[in-house]
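Written below as structure tokens is the structure these notes are about.
Excluded from the calculations below are hydrogen atoms, water molecules and symmetry mates; all remaining heavy atoms, backbone and side chain alike, are included.
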Amino acid sequence: MKNCSLALVTLLFIFQSYRVPAQDSAPFDEESSIQDSVFAIDAVTVHAFHYESRLLETPAAISILAADQLEQNSLQPIDFVLNQVPGVYMQSASLTTNRLTIRGVGSRTPYASNKIRAYYAGIPLTNGVGETTIEDLNQSVLSSFEVIKGPASGFYGAGLGGTLLLDAVHPNQNQFSVDYGFGSYQTHEFNGNLYLTGDNSNNHLAIERLSSDGYRENNETERVNLNYVGQFDIANHQLNLIVNHTDLKAYIPSSVDFESFTNSPELAAANWAAIRGYEDYQKNLLGASVISDWDRNWKSTISFFGQNRASDELRPFNFLTEESHYFGGRFILEKTVLTENGSWKFMLGNESFFERYDWATFENTDDGSAGEILSDNKEKRNYVNGFGQLDYYLANRVRISAGANINKTYYDYTDLLGADGDRSGDHSFKTVISPRLAINYSLTDKNKLYAQVSHGFSPPSLEETLLPEGGRNTDIQPETGWNYELGSRGYLFDELYYDISAFYMSIENLLVARRVDEDAYQGTNAGKTAHPGLEYYLQYTLPGGENYKHQLSANGSFSPFYFVDFVDGENDYSDKELTGTPRYQTNLSYALSIKQRFNLQLNYQQVGKIPLRDDNSIYTDAYGLLNANVQYLKNWGNLNMKALLALNNLTGEHYSSMVLINASSFGGSAPRYYYPGLPRNFAFRLKFSYLF
């Protein structure tokens, strides 16, 4: 892991040398602390469909995590925050191994998150085969987190599970902050942030360094993040720049069998511990966009982005090296027409994405380095999305939104070694058209009803188009599905906010990754699944006083997902429960704010049992986690302090925080289904900010 001293010196140098116009110094605005995001919902603005609107008026199932919620939970990995969103379940094996599912989509992915798209400040975090990594982002650079559930947004590729939109912090005041946190298992984190604003610009430079020994054996992690976000206003144009660098090395404890999970969960899998298996990668992400306001209500957005990633991974069965580069662009044109009774808005755009992915495997050596080459591969992954949307607003009472996404995905694969027969070739999927129609109707000023019908898809990975014995599976097709949804949000009375939705999603051409070896999977389209569900969010503001506020909230989901028609080889799993996802989730929270200085949150998360095999012969146990979070704020003029303390799993629950579906047995060993969750643990952070 490279030392971050040079980066810190650079940050401090910019802090000293940057000159901005003189501004009136303002004390820390305590009203912008946790109360804003916890106690005020109706003012939340949504950007998910490329227009700004209040959450109440948006015809889709969307949950918002604001900057203050992210900061209040900044001591936790991102899965802690996301698991408080109804319909979302993010499993976490370690700081770097996670699986994100939305409404059951993505639950069968072995070790990563796919079928869900993610964007950071308009830049795709999803690669050319649909895999998404958000866990290595520095949460201190995020200003909001929008979760679009289901295939509701053609603007972002009509992902079958949904879309995550992460926005970057854009400062409105000059500020320099440093914070240091520590916690259980020798976890240490340093953050430095510099915010600089001018008359027509703002800049945010951030550095993060994280190190942890981890709860389990062979679980050490070190990560450095460097971020820059800039915004510049030039006449009728706005230029946005974003740069992110991540340098990470994490050892891998892997999954364990039931006996180890029960009796010695702190141990790593024996084969991974024996070789000290790890992943080590460096990643750079950059993007630029220009937003222009033209005459006659025309507006355009032009964006360019790119990423490169180089990785080494030492595994029990081989040594894997990877290198990927992608670049692309987005173009959106908008036109607004005002009428006597309302307005029309028409939007048209496209996203083009080009990726090259090189990977090779080598024999392991005694010293943990790469030995004789086993395979050498080159892949090209390209797609083009075209999308359009028409919105009609009628007298602030009815909003109708109609749109479609058109996708063309293409893979080109070259087997440079050909040890098992040359499998080189290209694969082009049929064009997928994903329409959407939605309506939002105002029952009253504070009660809205929405309905939508939408289509989505998820392409197979390139590896799923390869056959283990050589050759290519040219018959494999993307998963596709239709989502039907009815929901309502608003206030039953001034103190009680609600957001309830009922949905039914039908997925065809279910992609099944059948494990045929320790490091080999074969993809097939095996059938259909049904995803009926109910999601709810309730927030009640209790009677308070002049110096304190407090509220209760409850949210959760009921998700009886099942296989409708699922035949895998000679096995028929029709009518069985969908593997990898719980039937229900519940979150209960209590938040208290005293004199806008002391904040307390208590959270209880209940997760139902999870089927681990397609025949439903094995389940996990249901579990519940009780967590407490305390924040104290104090300011001395322009100097502000925040102290945060998190106490997690207060009851010491023994549970599995991630599972491996349909785990196989190799060499006579028991199947390894379980990634043990953290026992009782704590974290503390102290942050100082200076406004100038």
Side-chain angles (χ1 to χ4, degrees), residues 1-2 93-98 109-112 127-129 131 133 135-136 214 216-224 246-256 267-284 307-325 355-379 381 413-424 461-464 466 468-470 513 515-522 660 663-664 666-667 669 672 675:
M1 176 64 63
K2 298 179 176 65
S94 66
L95 292 174
T96 59
T97 302
N98 297 270
T109 306
Y111 308 109
N127 66 16
V129 292
E131 294 180 347
T133 303
E135 51 267 22
D136 58 7
R216 300 177 61 200
E217 179 186 18
N218 203 54
N219 201 187
E220 302 94 324
T221 300
E222 288 194 42
R223 183 181 73 203
V224 170
T246 301
D247 189 353
L248 178 143
K249 184 171 184 178
Y251 289 86
I252 303 173
S254 195
S255 56
V256 295
L267 298 182
N271 56 342
W272 285 87
I275 65 164
R276 291 277 286 159
Y278 66 85
E279 62 176 330
D280 185 358
Y281 68 78
Q282 296 78 43
K283 181 169 63 176
N284 298 290
Q307 176 181 287
N308 72 281
R309 180 179 185 273
S311 172
D312 293 333
E313 184 173 339
L314 175 60
R315 310 184 291 183
F317 28 86
N318 58 40
F319 190 98
L320 172 67
T321 65
E322 300 173 287
E323 187 169 353
S324 66
H325 311 268
E355 180 179 26
R356 173 169 171 168
Y357 172 57
D358 299 326
W359 57 281
T361 58
F362 302 83
E363 289 184 349
N364 291 333
T365 61
D366 293 338
D367 62 359
S369 61
E372 182 178 351
I373 190 168
L374 300 173
S375 67
D376 193 5
N377 309 270
K378 178 176 69 176
E379 303 176 12
R381 311 157 167 176
Y413 169 66
T414 303
D415 185 349
L416 299 174
L417 194 61
D420 297 322
D422 189 358
R423 298 186 291 177
S424 301
S461 69
L462 189 144
E463 286 71 21
E464 288 174 325
L466 304 178
E469 66 274 10
R515 191 168 188 169
V516 295
D517 200 351
E518 277 195 288
D519 189 34
Y521 292 84
Q522 178 179 339
L660 186 60
S664 301
F666 296 97
S669 60
R672 305 202 319 253
Y675 292 89

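- Atoms CG and CG, from Asn308 and Asn284 in turn, are 4.5 Å apart once rounded to the nearest 0.5 Å.
- The OG1 atom of Thr321 lies 12.5 Å from the CG atom of Asp280; values are rounded to the nearest 0.5 Å.
- Taking CG of Asn219 as the start and OG1 of Thr96 as the end, the distance is 8.0 Å to the nearest 0.5 Å.
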> Can you check side chain to side chain contact (heavy atoms under 4.5 Å, CB included) on Asp415 and Asn377, steps first, answer last?
Replying inline: CA-CA 5 Å; Asp415 185 349; Asn377 309 270; 4.2 Å; yes
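- Using modelled atom types, one side-chain atom of Ser255 and one backbone atom of Arg672 make a donor-acceptor pair closer than 3.5 Å.
- Side chain of Thr361 to main chain of Leu320: no donor-acceptor pair is present (N/O by atom type, distance under 3.5 Å, no hydrogens or angles).
- Here the straight-line distance linking atom CD of Glu217 with atom CH2 of Trp272 works out to 13.5 Å at 0.5 Å rounding.
- Between the side chain of Arg216 and the backbone N or O of Ser254, at least one donor-acceptor pair lies under 3.5 Å.
- In this structure, Thr97 OG1 and Tyr675 OH are separated by 6.5 Å, a value rounded to the nearest 0.5 Å.
- Taking 4.5 Å as the limit, every side-chain heavy atom of Tyr281 sits out of range of all side-chain heavy atoms of Glu322.
- For Ile275, the side chain to side chain contact (heavy atoms under 4.5 Å, CB included) criterion is met by Leu314, Pro316, not counting sequence neighbours.
- Residues Arg223 and Leu95 form no side-chain contact, since every pair of their non-hydrogen atoms from C-beta on lies 4.5 Å or further apart.
- Using a 4.5 Å cut-off on side-chain heavy atoms (C-beta onward), Trp359 and Ser375 make contact.
- No option in Thr246, Asp136, Thr133 other than Asp136 meets the side-chain hydrogen bond (donor to acceptor under 3.5 Å, both in side chains) test with Lys283.
- A distance-only check finds no donor-acceptor pair linking the side chain of Asn364 to the backbone of Gly371 [under 3.5 Å].
- Taking 4.0 Å as the cut-off between side-chain N and carboxylate O, Glu220 and Arg276 count as a salt-bridged pair.
- Listed by chain and number, the residues in a salt bridge (charged side-chain N to carboxylate O under 4.0 Å, His left out) with Glu355 are Arg381 (sequence neighbours excluded).
- Atom NZ of residue Lys249 and atom CD of residue Gln282 lie 10.5 Å apart, to the nearest 0.5 angstrom.
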> Run the side chain to side chain contact (heavy atoms under 4.5 Å, CB included) check on Glu313 and Ile252 step by step: do they pass?
Replying inline: CA-CA 10 Å; Glu313 184 173 339; Ile252 303 173; 3.9 Å; yes
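- For residues 357-366, the pairs satisfying salt bridge (charged side-chain N to carboxylate O under 4.0 Å, His left out) are Arg356-Asp358, with sequence neighbours left out.
- Checked by atom type and distance alone, the side chain of Asn218 pairs as donor or acceptor with a backbone atom of Gly277 at under 3.5 Å.
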